[in-house]
Amino acid sequence: MSYIVMARKWRPRNFETLVGQEHVVRTLKNAIQANRISHAYLFTGPRGVGKTTTARLLAKVANCLSPVEGEPCNHCVRCEEIQAGSATDVIEIDAASNGLVDDARELREKVRYAPVSCRYKVIVIDEVHMMSNAAFNALLKTLEEPPAHTIFILATTESHKVPATIISRCQRFDFRRIPEREITERLAVMAAAEGVSIQEEALHVIARGAEGSLRDAQSLFDQIISFSGTEVKTEDVVTVLGLVDTQVFIALVDAVTARKATEVLRIVDTLVNSGADLRLFMKEWVEYWRQLVIARVAGRQQGNLEHLPSNVAEAVERQSLVFSLEELLNVVKLAAATDDELRRTQHPRLLLELLLLQLCSANRLVSFETLWGELQAMEARVAKMPAAVQSQADQEGPEETPPVAQPACDGEENAASAVAGEPALVVDSLEELDAQSYVETVREIWPAMVQTIGQKNRRVQALLRDVVITAAEEGWVELTCASAYHLTGLEKEEARKLIETVFEGQLGKQTRLQLKHEEKSAPLPEEGLPRGADRQKEFEDISHKEPLVQKTLEMFGGQIIDILQKPSAGGNK
């Protein structure tokens, strides 16, 4: 056969091209350079990650006539023979078909003879866990004390089935599952060399379908090229592999977030009609929710989404911010439980639809986000109140504050002079003056801070609407909450950490947050608004006329403290 499949054609010819197993490569190269080659090795790990390939590379470099820094030269007679599989002194045995005690005894007799042409006789036993107990026992003594010219290399995907007496006589190397990013990079190199044009997302889909096996990824790539030719699109990969396009997961999460049950059912119907395996779909969807959890916890800055295409990474980051961490964890647990049930049920579509409808139900996810939208709508209606309320506030005007005489200090006038309608401040010391200046500085930047917090977490921004800065010094700020509900929400670790981070960014130093709760005895007067009993009556009228306001007050056990008019320009207040 003239054609060679990708997995064989692109098999590594030296340690440098071995993908994803740096810890194994470094150890073996150092041992070869130091002439510390062991008599027996055990290579264990998932399928298709390079165990047999590493065994052949070790056989080549051990017998190479001119190795270079622990690498085979690939030009000498020994390297070419081993690469072609024609070396008589390198014996590869499949334990699945040669695992009986008689095979072990025959092998024991072979290793007694010196190599014909090579420096070492290398025995590679693949899938060694398939050998019988009698065969292991027959091989045990030879494996412990083989002739000086013999090297045993045992490879297995199930090391727990290998007797401990065998493992104790070998140097064990655990091969790791290859990350998707490294598989994608390797496939991109192969595509460029083969003259194949393939979309970036298609490479990620192949890597995802390979599940950490580079050999599987190469075989899938070979199959897709046969289907698409030299122009490979993401749709072709999805069709050939029977996988689900990541865009379907994105659309499904968006529909769940918007509580569009009809759209969710339509997507499921499309999947079923296209012949998708719902069990495989559920497995991949659980993995997508896992990516949302990672993005919510660590964020994109930590490099946790580098293995995803840029458009998918942006969608994952955007969707992760819609949910709280608790909500994401609950969804993942529910989806994982459904995935387990789908493996045993005869009605996978029904279970999947029930899960999605449950996620779309009224009592699930983002209740605070929904409430925030309703409160914004209520604020817009309050802003359109009859002009009579505003005219009445204009007629009454602000209450005047009688002037307060400023006491003199040591015969001099106090530096803090009274300002239009406000009592003068009596400053007893420079330290007190500095503290007051610091508080004023913090209060000046407070509106900008609340806006910055709202860009990162609108729920925390809503909790800060009735919070007042009552004290501040370098290194700490005290916030007084208007209700116990606000205090409870802000004391959560997520909210506290966010506020302290924004404080540190604005003030340029680490700032500790102190929270306390203080009930307001009466509504605070506000310039341009009615006061006293008229103002309280207005609040009661609004609560009766606006069902949403009344529902909100009942839900949180609160009361109306004040009404802020919506500004003509700028953001919400």
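The basis for the numbers below is simple: all heavy atoms, side chains too, and nothing from hydrogens, waters or symmetry mates.
Residues Gln21 and Ile178 form a side-chain contact, since some pair of their non-hydrogen atoms from C-beta on lies under 4.5 Å apart. Put simply, the side chain of Arg169 does not reach to within 4.5 Å of the side chain of Ile166, judged on heavy atoms. Proximity of Arg78 to Cys64: side-chain heavy atoms (C-beta onward) are nowhere separated by under 4.5 Å. For the pair Leu352/Thr338, no side-chain contact is recorded, criterion being any heavy-atom separation below 4.5 Å from C-beta on. Side-chain contact check for Phe152 versus Thr142: some heavy-atom pair is nearer than 4.5 Å. Side-chain contact check for Lys9 versus Gln218: every heavy-atom pair is 4.5 Å or farther apart. Under the 4.5 Å side-chain criterion, counting only non-hydrogen atoms from C-beta, Phe43 is not in contact with Thr52. Side-chain contact between Tyr120 and Val90 is absent, with no heavy-atom pair separated by less than 4.5 Å.
Of all heavy-atom pairs between Ala138 and Val101, the closest is CB-CG2, 4.1 Å. Scanning all heavy atoms of the two residues, the minimum distance from Cys76 to Leu65 falls at SG-N, 3.6 Å. Contact between Tyr288 and Gln319 at its shortest, heavy atoms only, is OH-OE1, 2.7 Å. Heavy atoms only, all atoms of each residue included: Ser38 and Ile151 are closest at O-CG2, 3.9 Å. Taking every heavy atom of both residues into account, Cys79 and Pro72 meet most closely at SG-CB, 3.9 Å. Taking all atoms of both residues into account, the shortest heavy-atom contact from Pro12 to Thr17 is CB-OG1, 3.2 Å.
For Phe323 and Trp289, the ring centers are positioned less than 6.0 Å apart.
With no hydrogens or angles considered, a side-chain donor-acceptor pair links Ser159 and Arg172 at under 3.5 Å. Of the N and O atoms on the side chains of Asp254 and Thr257, not one donor lies less than 3.5 Å from an acceptor on the other residue. Under 3.5 Å, the side chains of Asn74 and Lys60 contain a donor-acceptor pair of N or O atoms.
Between Glu22 and Arg26, none of the side-chain N atoms (NZ, or NE/NH1/NH2) sits under 4.0 Å from a carboxylate O, so this pair counts as no salt bridge. In summary, Glu500 and Lys497 do not engage in a salt bridge, as defined by a charged side-chain N under 4.0 Å from a carboxylate O. Taking a cutoff of 4.0 Å between a charged side-chain nitrogen and a carboxylate oxygen, Glu287 and Arg208 do not qualify as a salt bridge. A salt bridge does not link Lys29 to Glu69: none of the charged side-chain nitrogens sits closer than 4.0 Å to a carboxylate oxygen. Remark: Arg8 does not engage Asp222 in a salt bridge, criterion side-chain N to carboxylate O under 4.0 Å. Under the 4.0 Å criterion applied to side-chain N and carboxylate O atoms, Glu263 and Arg266 are assigned as salt-bridge partners. Look at Arg349 and Asp269 and you find a salt bridge, because one of the NZ, NE, NH1 or NH2 atoms lies within 4.0 Å of a carboxylate O, short of that distance. Ion pairing between a basic and an acidic side chain is recognised when a charged N comes within 4.0 Å of a carboxylate O; Arg176 and Glu182 show no such pairing.
In this structure, CZ on Arg47 lies 8.0 Å from CZ on Arg215, to the nearest 0.5 angstrom. Put simply, CG on Leu154 and CD1 on Ile167 are 9.5 Å apart, with the number rounded to the nearest 0.5 Å. Interatomic distance, CG of Leu356 versus CG of Leu252, reported as 5.0 Å (0.5 Å rounding). A distance of 8.0 Å separates CD1 in Ile93 from CG in Asp103, rounded to the nearest 0.5 Å. For the atom pair Lys51 NZ and Leu42 CG, the distance stands at 10.5 Å (nearest 0.5 Å). The distance from atom CG of Leu355 to atom CE of Met282, rounded to the nearest 0.5 Å, is 5.0 Å.
Heavy-atom contacts from other residues, nucleotides or ligands closer than 6.0 Å to CD of Glu144 number more than 12. For His347, the NE2 atom sits in a loose shell: 12 or fewer heavy atoms of surrounding residues, nucleotides or ligands are nearer than 6.0 Å.
Using a distance-only test at 3.5 Å, with no hydrogens or angles considered, a donor-acceptor pair links the side chain of His39 to the main chain of Leu143. Remark: side-chain polar atoms of His149 are paired, donor with acceptor, to backbone N or O of Tyr113 under 3.5 angstrom. Here the side chain of His75 pairs no donor or acceptor atom with the backbone of Ser66 at under 3.5 angstrom. Using a distance-only test at 3.5 Å, with no hydrogens or angles considered, no donor-acceptor pair links the side chain of Thr345 to the main chain of Glu341. Checked by atom type and distance alone, the side chain of Glu71 pairs as donor or acceptor with a backbone atom of Glu16 at under 3.5 Å. Within the 3.5 Å criterion, the main-chain N or O of Ala210 finds no donor-acceptor partner in the side chain of Ser213.
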Hey, mind stepping through Gln199 and Val237 against side chain to side chain contact (heavy atoms under 4.5 Å, CB included) and telling me if it holds?
-> CA-CA 10 Å; Gln199 296 178 349; Val237 178; over 6 Å; no
Apply side chain to side chain contact (heavy atoms under 4.5 Å, CB included) to the pair Asn63 and Asp89, showing each step before the final yes or no.
-> CA-CA 10 Å; Asn63 292 298; Asp89 294 321; over 6 Å; no
Before giving the answer on side chain to side chain contact (heavy atoms under 4.5 Å, CB included), spell out for Thr246 and His204 the whole-Å C-alpha distance, their side-chain angles and the decisive distance to 0.1 Å.
-> CA-CA 10 Å; Thr246 309; His204 285 278; over 6 Å; no
Just do the side chain to side chain contact (heavy atoms under 4.5 Å, CB included) check on Asp277 and Arg279 with the steps written out, would you?
-> CA-CA 5 Å; Asp277 186 348; Arg279 294 177 177 86; 3.5 Å; yes
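Exactly one residue among Glu200, Gln247, Glu201 makes a side-chain contact (heavy atoms from CB on, under 4.5 Å) with Thr234. That residue is Glu201. Test Glu494, Glu317, Glu327, Glu326 against Arg296 for salt bridge (charged side-chain N to carboxylate O under 4.0 Å, His left out) and you get one pass: Glu494.
The side chain to side chain donor-acceptor pair (under 3.5 Å) test applied to Lys283 returns Glu211, not counting sequence neighbours. Taking Lys333 as the reference, nothing meets the side chain to side chain donor-acceptor pair (under 3.5 Å) condition, with sequence neighbours excluded. Partners of Ser228 under the side chain to side chain donor-acceptor pair (under 3.5 Å) rule, at least two apart in sequence or in another chain, are Asp236.
Using the six-membered ring where Trp is involved, Phe173 and Tyr41 have ring planes that are tilted, between 30° and 60° apart.
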